Amino acid sequence: MKRLTKVQILKMHSLLIEETGGSDGIRDEGLLDSALNTPF
């Protein structure tokens with residue numbers, strides 16, 4: 001199974017915001033870190 005890095009996820013998020021509109025950035029970076037470090 002492949003896992004995305006934090007950088008890849010943030011880049012995808014920015015690209016989606018660019019295409020669909022909205023505010024760029026994330027509200028809770030700690031929550032993203034927690035989700036990325038949760039074992040599968």
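Given the structure is predicted, the values throughout are model-derived calculations rather than measurements. Below, all heavy atoms of this structure are taken into account, side chains as well, without hydrogens, waters or symmetry copies.
If you take NE2 on H13 and CD on Q8, they are separated by 15.5 Å, rounding to the nearest 0.5 Å. For the atom pair CD1 of I26 and CG of L32, the computed distance is 5.0 Å after rounding to the nearest 0.5 Å. Note that NZ of K11 is 14.5 Å distant from CG of L4, once rounded to the nearest 0.5 Å. The structure places CG of N37 at 9.0 Å from NZ of K6, a figure rounded to the nearest 0.5 Å.
Using modelled atom types, no side-chain atom of E19 and backbone atom of L16 make a donor-acceptor pair closer than 3.5 Å. Although no hydrogens or angles enter the test, the distance criterion places a donor-acceptor pair under 3.5 Å between the side chain of S14 and the main chain of L10.
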